[in-house]
Structure formats: structure tokens, C-alpha cells
Amino acid sequence: MTKTPGPIKQEAPSDSAPADSGVKVEEEEHKRMLERYAESQKIISKYSVMPTKCSDYMTILHRINSDNTSASHRPKQPLVLKRISDSYTEAYLPFKEDLELREAYINSYGEIRIGKLLEDLDRLAGAIAYKHASDANGELAPTVFVTAAVDRIDLKAALSPNRNYRLAGTVTYVGYSSMEICIRVQAVAEPGEAAELEPNLVARFTMVGRDKDTGKSSQVNPLLLEDDSQRRLVKISEQIKEFKKTVTQANLYKRPPSEEERLVIHQLWLETNTLLDDGYGPRPVLPDDMVWMGGTTMQSVTVCFPSERNVHNKIFGGYLMRLAHELSFANGSVFTQSRPSYVSLDDFSFQKPVNIGSILKLTSQVVYSEPENKTFQVAVSADVIDNIRNSTERTNTFYFNFSSPNGRVPRVVPRTYKQMMKFLEGRRRAQTGKLISKLQGEMQH
């Protein structure tokens, strides 16, 4: 297995060192970073969840399917007790050296496109899952993995196109057929900086394994916990899991709003009742600091081409996250009349896969805002249109949080009962997201 690489060490030149010693140290560090980048590319390629060229079509599935024995006659692969460090995987974004790469990631404001990074995170999470599930020799198990859920993706600090970044992740929790993966993105240390910088972004994914023949849940390798810090990681993961379970049980589709939430809805109605158009007299006008939720809707339609497939021959989940993020950003820009900044992506589940050739309709809407904090939330629902049956099917809903420190953030006001439920869902997520973000921060330490 690949050994977890340590941080890049920085050595300060002594007073008696030649004038060019600092340059040599920098060159050595740069060379070491490029070597680690090349090594990480090999690992990502070995456990890739994306076909990279025509001849590489569904590479992993071909390797998994190399044994044509049916599931009933195939000998069960023995489970391997894996350490957390065994699944450690790195990927690099060397923006300083690779100008072509930087060009692909930069936006019109000279900043890094978060949507592109979301694709990279999902790709890395898949590679980590396959690596953890491999046998003692690192070979692939007869199991396919899919992204079941994204628990949280927090941007801690802005990303610069003039820095190199390391994406590093590992498995932190294992169930019977599922595993939770934590990934962090941090700048590669430069001369004079601390060897290990604070992460710019932290993310958590839940991957689920399925038997390649039956499609049933497939047990994954258990996790060996070697010290108290690793046991604490698992404990925090269990806390987040239980917390999410509690939130799911209180889903507004299953239970009515709480007493406190009913008071919130009633107060909203009292404040806006006189602003509703009753058909008599002059049409009411909303104050400048309010916007009707129904007026914040923005849509896009995309035809899903094979170039965006994953090795399972479905549309890659990271691509869907990028499309949803870019639509939510556009909506937020109109809502605030400024350029909003991405804060986080709340937890969501991939309920149904999107097939190649699907007509995908994305509908975004600002469902909650906190003007006092200059923050707001955009929900983006993904629906597949069946043009033959003239129907649509919901695949999942994304929830993006933004801030607008230099722009206005009006109060978003629901008008109908359905919109009020959306408002309460956004309000709940704003509250619970802060707790999950705090727990994720503890995991990083």
C-alpha cells in the first residue's frame, strides 16, 4: 500500500550559507512536489472512476469484470483489515506550473471555479473508496462504488490561481457496505511558510459498495483503529451520522413543523399579509429589503452527453454538482445584484442516477436568507425530463450557501404554504449546517 507522505519540510539557510542556497532549497522543494504530483497521478489513474480516453472506456469495470464467474460460484474475497493510512490518497492542482490547467479552472473574476473543484473532490472520493476496498495486493475487489451522499463541503479560505494545492483524503468511518471519506484541500507550503498550512476546504462523502453481479450491498474492508485520535475520528463520524438521522426523521414531508416553526410562519404571514395583492385597489409593492421567493427562480436545461460519464456508464455526480453550483451562483448574483462568494454545500443524497442522453432540468431558487449576516441559501433541484412520456423525475436537490459581503442581501419572503416549507427547510439547514461544520473542523485537528 502507498505510505502516507509526510509534510514538505522547509529548511532555512544558515548565515554562512551561499547567497544562492535559498534558491537551491526552493528548487529541491519544487522538485519534490512535482515527484509527489506524478506519484499521485498514478494512484488516481489506477483507481480512476472516470474513463480518461476512448480506449480506457469503463476501465475499472473491465478489471472488476475480468472474472466472469457468476456471483453464486465466485469464491468470496476475504476481507482485509485496513488502517486509515492505507486509503490515504493525494491529488495535486499545480496552478503555478501548469498554465493550461489554470486556464481551465479560472473564472472571469480571476478566481478558481468552485464547480470544477467539486468534480475533483468527487473523483478523489471514488478513488479512495476503491483503494480501501482493494485486496491485500492492492487489486480491485468485485465491488462497484457510487457516491451515496455528500455530507458537507465547507470553503474555509479563498483559493488562489497563483498557488499549488494538494487534495488529500482518507476513509474515516466504515459501516457494512458504506464508508465515509474526508478530504481537505490546502495550499502547498512555499519557502518561509509553515510546513502544514490550514486547509482551504474540507469535504465529507459517503460511498456505498454494491456487488458487481447482484447489485446487492457488498461488505467492505473493516477499519483498524490504531490510536485514540483515530478512535475520536470514528466517534465524531458517528455523532454526525446520528445527528443526520435525527434531522431526517423530522423531515417536513414526514412531520409537520414544530411549534416554534409554526410561530415563525405565522409571524411571516402577519408581516406580509398586507403586501399580498387581493385584486382590489393599487398593487402592493414590497419594501426594497424584501423579495418574494417565487421571483427568485432560475432554470437551465442540459443534454447529458457520453463525455460526462463515469465508469458505471452514468453521468458523473461531480459534473452534476458543477452544473448545480454554476446555476446557483448565477441566481445568487441576480438576487444580490453583486458577486456572491461560495460558503458551503449542505448534505444531500444522490437518489437516482442520471443516464447518458437524459434531458436534465435544473431549477434554482433562493429559499432562505439572513440579511444581518449577509448570507443566503439557494436550493437547486435536478429533474430528468422524459420527452416520450411527457414526465419528469427528481434525482436530487442541492443546497448551496453563499455570502455577499459587498452586496445587498434582501429578506426572501415565502408566499404559499409550499414556499413556507422551503423556507423552513432552508432555515433548518442554516442551523444544522453550522453544527456539522464545527464537527468537521474538529476532525481536521
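The figures that follow rest on heavy atoms only: side chains count, while hydrogens, waters and symmetry mates do not.
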Apply side chain to side chain contact (heavy atoms under 4.5 Å, CB included) to Asp347 and Val150, showing your working. CA-CA 5 Å; Asp347 71 287; Val150 175; over 6 Å; no
CA sep, side-chain torsions, deciding dist, call: Arg123, Glu119, salt bridge (charged side-chain N to carboxylate O under 4.0 Å, His left out): CA-CA 6 Å; Arg123 187 178 294 114; Glu119 289 185 295; 5.2 Å; no
Give the C-alpha distance, both sets of side-chain angles, the deciding distance and a yes or no for side chain to side chain contact (heavy atoms under 4.5 Å, CB included) between Asp122 and Leu118. CA-CA 6 Å; Asp122 196 16; Leu118 295 178; over 6 Å; no
Could you go through the ring pair (Phe, Tyr, Trp, His ring centres under 6.0 Å) check for Phe335 and Phe376 one step at a time? CA-CA 10 Å; Phe335 176 69; Phe376 62 96; 5.3 Å; yes
Would you please test Lys314 and Asn355 for side-chain hydrogen bond (donor to acceptor under 3.5 Å, both in side chains) and show each step? CA-CA 5 Å; Lys314 303 293 183 180; Asn355 294 320; 2.6 Å; yes
Start with the C-alpha gap between Ser300 and Leu323, add the side-chain angles, then the distance that decides, and say whether side chain to side chain contact (heavy atoms under 4.5 Å, CB included) holds. CA-CA 9 Å; Ser300 69; Leu323 291 180; over 6 Å; no
Stepwise side chain to side chain contact (heavy atoms under 4.5 Å, CB included) check, Val144 with Tyr130: CA-CA 8 Å; Val144 294; Tyr130 278 108; 3.9 Å; yes
Test side-chain hydrogen bond (donor to acceptor under 3.5 Å, both in side chains) on Glu180 and Thr172 and set out the steps. CA-CA 6 Å; Glu180 292 184 3; Thr172 57; 4.9 Å; no
Show every donor-acceptor pair shorter than 3.5 Å between a side-chain atom in residues 405-414 and any protein atom, with sequence neighbours excluded, or say none if there are none.
| unit_1 | atom_1 | unit_2 | atom_2 | d |
| --- | --- | --- | --- | --- |
| Arg408 | NH1 | Asp288 | O | 3.2 |
| Arg411 | NH1 | Glu271 | OE1 | 2.8 |
| Arg411 | NH2 | Glu271 | OE1 | 3.2 |

In residues 245-253, what donor-acceptor pairs under 3.5 Å come from side-chain atoms, sequence neighbours left out?
| unit_1 | atom_1 | unit_2 | atom_2 | d |
| --- | --- | --- | --- | --- |
| Thr246 | OG1 | Glu242 | O | 3.1 |
| Thr248 | OG1 | Lys244 | O | 2.9 |
| Asn251 | OD1 | Tyr253 | N | 2.7 |

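Under the 4.5 Å side-chain criterion, counting only non-hydrogen atoms from C-beta, Met420 is not in contact with Arg415. Counting heavy atoms from C-beta outward, Thr363 and Val380 have side chains that stay 4.5 Å or more apart. Leu124 places none of its side-chain heavy atoms less than 4.5 Å from the side chain of Phe205. A 4.5 Å side-chain heavy-atom check between Leu117 and Leu93 finds at least one atom pair inside the cut-off. Residues Asn310 and Ile315 form no side-chain contact, since every pair of their non-hydrogen atoms from C-beta on lies 4.5 Å or further apart. Using a 4.5 Å cut-off on side-chain heavy atoms (C-beta onward), Val264 and Phe423 make contact. Pro340 is listed as a side-chain neighbour of Phe329, based on a closest heavy-atom distance under 4.5 Å. Proximity of Asp86 to Ile84: side-chain heavy atoms (C-beta onward) are nowhere separated by under 4.5 Å.
Remark: the Ser87 side chain and the Thr170 side chain contain an N/O donor-acceptor pair separated by less than 3.5 Å. A donor-acceptor contact closer than 3.5 angstrom links the side chains of Glu370 and Tyr368. Inspection of the Asn162 and Arg102 side chains reveals an N or O donor paired with an N or O acceptor under 3.5 Å.
Contact between Asn200 and Ala187 at its shortest, heavy atoms only, is OD1-N, 3.4 Å. When all heavy atoms are compared, the tightest approach of Arg184 to Pro199 is CB-CB, 4.1 Å. Minimum interatomic distance between Ile181 and Ala129 (heavy atoms only, all atoms of both residues): CD1-N, 3.8 Å. Taking each heavy atom of Ser237 and Arg204 in turn, the nearest pair found is OG-NH1, 3.7 Å. The heavy-atom pair separating Ile356 from Arg309 by the smallest distance is CD1-CB, 3.8 Å. Nearest heavy-atom pair, Val366 versus Met293, reported as atom, atom and distance to 0.1 Å: O-CG, 3.4 Å.
Of the charged side-chain nitrogens involved, none lies within less than 4.0 Å of a carboxylate oxygen, so that Lys241 and Asp151 do not count as a salt-bridged pair. Between Arg339 and Glu111, at least one side-chain N (NZ, or NE/NH1/NH2) sits under 4.0 Å from a carboxylate O, which counts as a salt bridge. The pair Arg262-Glu259 meets the salt-bridge criterion, with a side-chain N (NZ, NE, NH1 or NH2) lying under 4.0 Å from an Asp/Glu carboxylate O. For Glu198 and Lys156, the salt-bridge test fails: no basic side-chain N is under 4.0 Å from an acidic carboxylate O.
Side-chain atoms of Asn164 come within 3.5 Å of backbone atoms of Lys96 as a donor-acceptor pair (strictly under, hydrogens ignored). A donor-acceptor contact shorter than 3.5 Å links the side chain of His132 to the backbone of Asn221. A distance-only check finds no donor-acceptor pair linking the side chain of Ser358 to the backbone of Val354 [under 3.5 Å]. Remark: the backbone N or O of Ser160 is paired with a side-chain donor or acceptor of Tyr165 at under 3.5 angstrom. Checking side-chain atoms of Glu238 against main-chain N and O of Lys235 turns up no donor-acceptor pair under 3.5 Å. In this structure, the side chain of Lys131 engages the main chain of Tyr88 through a donor-acceptor pair within 3.5 Å.
Atoms CZ and CZ, from Arg152 and Phe348 in turn, are 12.5 Å apart once rounded to the nearest 0.5 Å. Atom CE of Met207 is separated from atom OG of Ser177 by 12.0 Å, given to the nearest 0.5 angstrom. Atom CG in Asp120 sits 11.0 Å away from atom CG in Leu201 (nearest 0.5 Å).
Within a 6.0 Å sphere centred on CD of Glu103, other residues, nucleotides and ligands contribute 12 heavy atoms or fewer.
Among the candidates Leu345, Asp346, Val378, the single residue satisfying the side-chain contact (heavy atoms from CB on, under 4.5 Å) test with Asn401 is Asp346. Between Ser404 and the options Ser338, Ser333, Ser369, a side-chain hydrogen bond (donor to acceptor under 3.5 Å, both in side chains) holds for only Ser338. The side-chain hydrogen bond (donor to acceptor under 3.5 Å, both in side chains) test with Ser364 is passed by exactly one of Thr296, Thr297, Asn331: Asn331.
Here Tyr173 pairs with nothing under the ring-ring contact (aromatic ring centres under 6.0 Å, His included) rule; sequence neighbours left out. Residues that satisfy the side-chain contact (heavy atoms from CB on, under 4.5 Å) test with Ile359, not counting sequence neighbours, are Val301, Ile385, Asn387. Residues meeting the side-chain contact (heavy atoms from CB on, under 4.5 Å) test with Pro287, sequence neighbours left out: Leu275, Asp289, Met290.
A cation-pi geometry, defined here as NZ or CZ lying under 6.0 Å from the six-membered ring centre and within 45° of its normal, does not hold between Arg113 and Tyr105.
Applying the salt bridge (Lys or Arg N to Asp or Glu O under 4.0 Å) definition to pairs two or more places apart or across chains, those involving residues 376-386 are Asp383-Arg394, Asp386-Arg389.
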